[in-house]
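Taking it in order: structure first as structure tokens, then the write-up.
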Amino acid sequence: MSEEKSLNFIEELIENDLKSGKYEMLVTRFPPEPNGYLHIGHAKAICLNFGLTQKYGGYTNLRFDDTNPVTEKTEYVNSQQEDIQWLGFQWKNELFASDYFGQLHAYAVKLIEKNLAYVDDSTAEEIAAQKGTPTEPGVPNQYRERSIAENLDLFAKMKNGAFPDGACTLRAKIDMASPNMLMRDPIIYRIKHAHHHRTGDTWCIYPMYDFAHGQSDSIEQITHSICTLEYVAHRELYDWFIEKLEIFPSKQYEFARLNLTYTVMSKRKLLQLVNEKLVSGWDDPRMPTISGLRRRGYTPESIREFCERIGIAKRENLIELSLLEFCIREDLNKKASRVMAVLDPIKLVITNYEGDGEVLIGENNPEAEDKGGTREIPFGRELWIEREDFMEEPAKKWFRLAPGAMVRLKFAYIVKCDNFIKDEHGNVTEVHCSYFPESKSGSDTSGINVKGTIHWVSTAHAKTAEVRLYDRLFTVESPDAEEGDFKDYLNPGSMQVLDKVYIEPYLATASLENRYQFIRKGYFCVDKDSTADKPIFNRVVSLKDSWKG
RNA sequence: UUUCCUGUGGUGCAAUGGUAGCACGUCUGAUUUUGGUUCAGAAAAUCUUGGUUCGAAUCCAUGCAGGAAAACCA
């Protein structure tokens, strides 16, 4: 409790604001645009906004920033809600910027009446040309001096559908020479004869982000409007509208967005991967989307822990994927049952084994407090073992099977390799061993010590499954920073499908949401593509492997 | 060559004028019926140059580096 964890800069601001009595309660919001699926970068913002109000008291609204009807869909609204709740957060009010279209329109009229906005008939190209550049001031045009009455009339006509798309815009009258280009008379309303996912055809003019976001915050009395660094330059405008409109002074604060190695984070690029079928969909287990991570087998706890560990600051950052992997391993190590599956099988025959119907007992998770219970594992004379657990000519420090070498079969007996068989291609197909009856797991009186333990599945009892192994989506740490098209750097080996994997019978009961550790192979979960006769497992993440062969 | 933001181990985050710390990663070693887990340890950083100060990662100045800013996108 008293463990003083250092505060990030936003927490410091908040503590000061609360202490000084500036606000009595914290109100934040998470404001996605419903034009794509949420990703791990959004998770950072979600954890921040909801986490802050959980910590300091107050609440967080979910507000969809739906001011551009042409890109927004209800499908995205639904997926975004599901993802936020799956992460473990609940919003106080569910709101839409489109709820405020009437109010926003009134604000625009108010600005016109204060001679702080005007209707501009220029084309997009003309406006861009007049805007200047970062190093040269912009120049005003003739429309800037229209009368208030004329502007009111024109704006009403815009609203009433008298003009086609692009005919004119409403602009704030600020300063065409401002060093901040966003202050050079920004467009605040544009004409779009488009169907809106919520307001339908009620409107044909829609407010721009800058004329909707801050005012929406203000209407909701958001105290701390937290966004990413690309909005720093917008803050001046944000404050200007609130001041001129004389409304509740919400304040904007910016933090650095998350970048993760070996992936891309922009919605545009993720959409491209989906549209061009380079991945199976928004929830492809290789995607950094929340739905992708969920399908991959990540837990909400592990993602929240990750967001906690990466911290909040204002510098550009590139987080190593290994940290995300650490977080899910840490979580699953405590939760996942240890089971056996053989991914790349060869046969092991115990030549001196005469047993019949022997059943062994496996402890499900020695790392869990209650050990996770136990289960029965059928044993037999013939087993499937991993191809890579046998070496014809063992490397130095090799702990596993090799001619003459001994190894423990997990939960079972110690065996010694006596012989092996190869096919015509020189591939090992069978390993022949003898076992030591007195070496049975749990009641070993053999006195034999072995360094290696390997997993196995009885050939007579094995079920088959498909296993999908995933690797990083891109071959380079920062696809965005590379020359050329980011898609040139897709990892062709990012998914490997193993269609005949042998699993122990216990796993036949696995259901969606279940996560397992396949002993020595990694953590796996059941994929939604599974059918009654063919379970499909996704590899969430491999185990750490310190073997350097 | 304008304005704004940012510079701390490989990576991320701390230290708020007083011993540069934590985590991931890397490397040792111990333990281990998972080459997992756990445990012990190691290497590794304040962008430059000045200044203020008894004392600077922190304050000031300069330079340098990176990022952002010119969608009727958000």
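Convention: sequence-line order gives letters A, B, ...; per-chain numbering from 1.
Within the 4.0 angstrom heavy-atom criterion, base atoms lie near A/Gly442. A/Asn180 comes within contact range of no nucleotide atom at all, as no heavy-atom separation falls under 4.0 Å. Residue contacts shown for A/Thr71 are absent, as no nucleic acid heavy atom lies under 4.0 Å away. Using a 4.0 Å heavy-atom cutoff across all strands shown, A/Glu33 reaches sugar-phosphate atoms only and no base atom. When heavy atoms are screened at a 4.0 angstrom cut-off, A/Leu409 is found touching no nucleic acid atom at all. If you check every strand for non-hydrogen atoms under 4.0 Å, A/Tyr189 touches nothing. If you check every strand for non-hydrogen atoms under 4.0 Å, A/Ser546 touches sugar and phosphate atoms only. As judged by a 4.0 angstrom heavy-atom cut-off over every strand, A/Ala233 is placed among residues making no nucleic acid contact. If you check every strand for non-hydrogen atoms under 4.0 Å, A/Gln517 touches a base. In this structure, A/Tyr231 reaches the bases: a heavy-atom distance under 4.0 Å links it to at least one base atom across the strands shown. Using a 4.0 Å heavy-atom cutoff across all strands shown, A/Leu543 reaches at least one base atom of the nucleic acid. In this structure, A/Thr135 reaches the bases: a heavy-atom distance under 4.0 Å links it to at least one base atom across the strands shown.
Nucleotides of RNA chain B nearest to A/His234 and A/Ile519 differ in position, and the one nearer the 5' end is that of A/Ile519.
Residues satisfying the side-chain contact (heavy atoms from CB on, under 4.5 Å) criterion with A/Gln130, sequence neighbours excluded, are A/Ser122, A/Glu126, A/Val139, A/Asn141, A/Arg171. In this structure, the ring pair (Phe, Tyr, Trp, His ring centres under 6.0 Å) partners of A/Tyr253, at least two apart in sequence or on a different chain, are A/His224.
Figure legend: A/Lys416 and A/Phe436 shown without cation-pi pairing, the cationic atom not lying both under 6.0 angstrom from the six-membered ring centre and within 45 degrees of its axis. Relative to the six-membered ring of A/Tyr506, A/Arg375 meets both conditions, a distance below 6.0 Å and an angle of at most 45° to the axis.
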Please list each protein N or O that sits under 3.5 Å from an N or O in nucleotides 22-31 of chain B, with the distance.
unit_1	atom_1	unit_2	atom_2	d
B/A23	O2'	A/Arg309	NH1	2.5

Below 3.5 Å is the cut-off: list the nitrogen or oxygen pairs between protein and nucleotides 17-21 of chain B, distance only.
none

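Below the 3.5 angstrom threshold, one finds a donor paired with an acceptor across the side chain of A/Glu367 and the base of B/G36.
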**OP:** Could you provide the dot-bracket string of RNA chain B, using ( ) for intrastrand pairs, [ ] for crossing pairs and | for bases paired to another strand, with Watson-Crick or G-U pairs below 3.5 Å?
**Re:** .((((((..((((....[..)))).(((((.......)))))....(.(((..]....))).))))))).....
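Ring orientation note: the planes of A/His105 and A/Trp203 are tilted relative to one another, at an angle of 30° to 60°.
Taking every heavy atom of residues 257-271 of chain A and every atom of RNA chain B, no pair lies under 4.0 Å.
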